[in-house]
Amino acid sequence: MERTLILIKPDAIARGLAGTVLGRFEAKGLKIAGMKMIQLDEALLKEHYSHLADKPFFPTICEFMSRTPVLALCLEGLEAVQVCRNLCGVTNSRDAAPGTIRGDLGMSMQANLVHASDSVETAQAEVARFFSDQELFAYEPHLLMYLYASDER
Ligand code: ADP
């Protein structure tokens, strides 16, 4: 099992697509281990996007990512990191394949709806950056299905 960090970005929040984006991950079969709304500040953004700090568009990323709160998710599943990257599609939404979140819902490179950790190592660091141990939940995802099954007896 792997855990990965997803951020539902300000463009998805502003467009009323947070539930749609979350639903794509849920429908795929990923389990929500943690979820919260958070207002990103400059210090957190500098850490999170440190690999882009020398890019000319870095200030606009920080401005964009703090325009509204974001929805932070820790998702869990077999090979969850790569599965979530595949679901998101490539960075530039206009190039992203139909069937991916960015390919279906986005037209922008920057406002591309969603962040997903890009490797298992990055995911571990990013989950720890956004969630405390108390905010991550271990539970049996199929418990409700057993309850429904007992209804029918
Ligand atoms: P990804 O989010 O697909 O892993 P990166 O880590 O390379 O991509 O970039 C982080 C985020 O920075 C992107 O999701 C996008 O919002 C923004 N970004 C990347 N490249 C550009 C660019 N050339 N112009 C504007 N924003 C960009």
Side-chain angles (χ1 to χ4, degrees), residues 1-139 141:
M1 281 293 169
E2 286 174 9
R3 282 178 166 176
T4 191
L5 180 86
I6 302 295
L7 299 176
I8 299 184
K9 294 186 179 184
D11 55 322
I13 304 288
R15 292 171 62 198
L17 291 173
T20 301
V21 174
L22 173 59
R24 299 288 287 261
F25 292 107
E26 283 193 288
K28 179 67 178 168
L30 291 144
K31 175 179 149 185
I32 301 172
M35 179 162 81
K36 63 178 173 183
M37 200 163 215
I38 176 171
Q39 176 65 51
L40 300 179
D41 61 22
E42 200 181 328
L44 194 53
L45 281 164
K46 277 190 171 149
E47 205 183 325
H48 184 66
Y49 285 128
S50 59
H51 61 295
L52 299 174
D54 58 348
K55 301 282 186 197
F57 52 82
F58 185 70
T60 63
I61 294 181
C62 293
E63 196 273 325
F64 162 65
M65 287 297 291
S66 55
R67 194 162 271 218
T68 72
V70 299
L71 197 57
L73 305 165
C74 173
L75 298 182
E76 190 176 289
L78 273 179
E79 299 173 28
V81 174
Q82 192 57 48
V83 166
C84 289
R85 291 288 291 186
N86 293 345
L87 264 184
C88 290
V90 296
T91 307
N92 186 341
S93 303
R94 293 187 298 282
D95 294 334
T100 64
I101 293 167
R102 289 166 172 170
D104 286 350
L105 302 173
M107 279 294 283
S108 170
M109 167 88 97
Q110 179 164 103
N112 57 5
L113 298 136
V114 65
H115 165 84
S117 306
D118 65 4
S119 71
V120 173
E121 296 70 36
T122 310
Q124 281 169 358
E126 291 187 346
V127 168
R129 182 176 301 143
F130 282 86
F131 290 94
S132 68
D133 287 346
Q134 293 72 29
E135 291 171 325
L136 296 171
F137 297 86
Y139 59 96

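All of these numbers come straight from a predicted model, not from anything done at the bench. Positions are given from 1 along the sequence.
For the residue pair T68 and I13, the shortest heavy atom distance occurs at OG1-CB, 3.8 Å. Scanning all heavy atoms of the two residues, the minimum distance from E76 to A33 falls at OE1-CB, 4.0 Å. Looking at every heavy atom in both residues, L44 comes nearest to F130 through CD2-CE2, 3.9 Å. Across all their heavy atoms, M37 and P69 have their closest contact at CG-CB, 3.7 Å. Smallest separation of non-hydrogen atoms from L45 and L40: CD2-CD1, 3.7 Å.
When atom types are taken as modelled, the side chain of E2 and the backbone of A80 share a donor-acceptor pair closer than 3.5 angstrom. Checking side-chain atoms of N112 against main-chain N and O of N92 turns up no donor-acceptor pair under 3.5 Å. A distance-only check finds no donor-acceptor pair linking the side chain of S93 to the backbone of G106 [under 3.5 Å]. The backbone N or O of L105 lies less than 3.5 Å from a partner atom in the side chain of R15, making a donor-acceptor pair. No donor-acceptor pair closer than 3.5 Å links the side chain of T100 to the backbone N or O of A96.
Inspection of the Q110 and T60 side chains reveals an N or O donor paired with an N or O acceptor under 3.5 Å.
For R102 and D95, the salt-bridge test fails: no basic side-chain N is under 4.0 Å from an acidic carboxylate O.
For M107, the CE atom is loosely surrounded, since the number of other residues' heavy atoms within 6.0 Å does not exceed 12. The number of heavy-atom neighbours closer than 6.0 Å to NZ of K46, taken from other residues, nucleotides and ligands shown, is 12 or below.
Judged by a 6.0 Å distance limit and a 45° cone about the ring axis, K9 is not positioned over the six-membered ring of F64. Geometrically, K31 does not engage F25 in a cation-pi contact defined by less than 6.0 Å to the ring centre and at most 45° from the axis.
Applying side-chain hydrogen bond (donor to acceptor under 3.5 Å, both in side chains) to S117 and the options E126, Q82, R85 leaves one that passes, E126.
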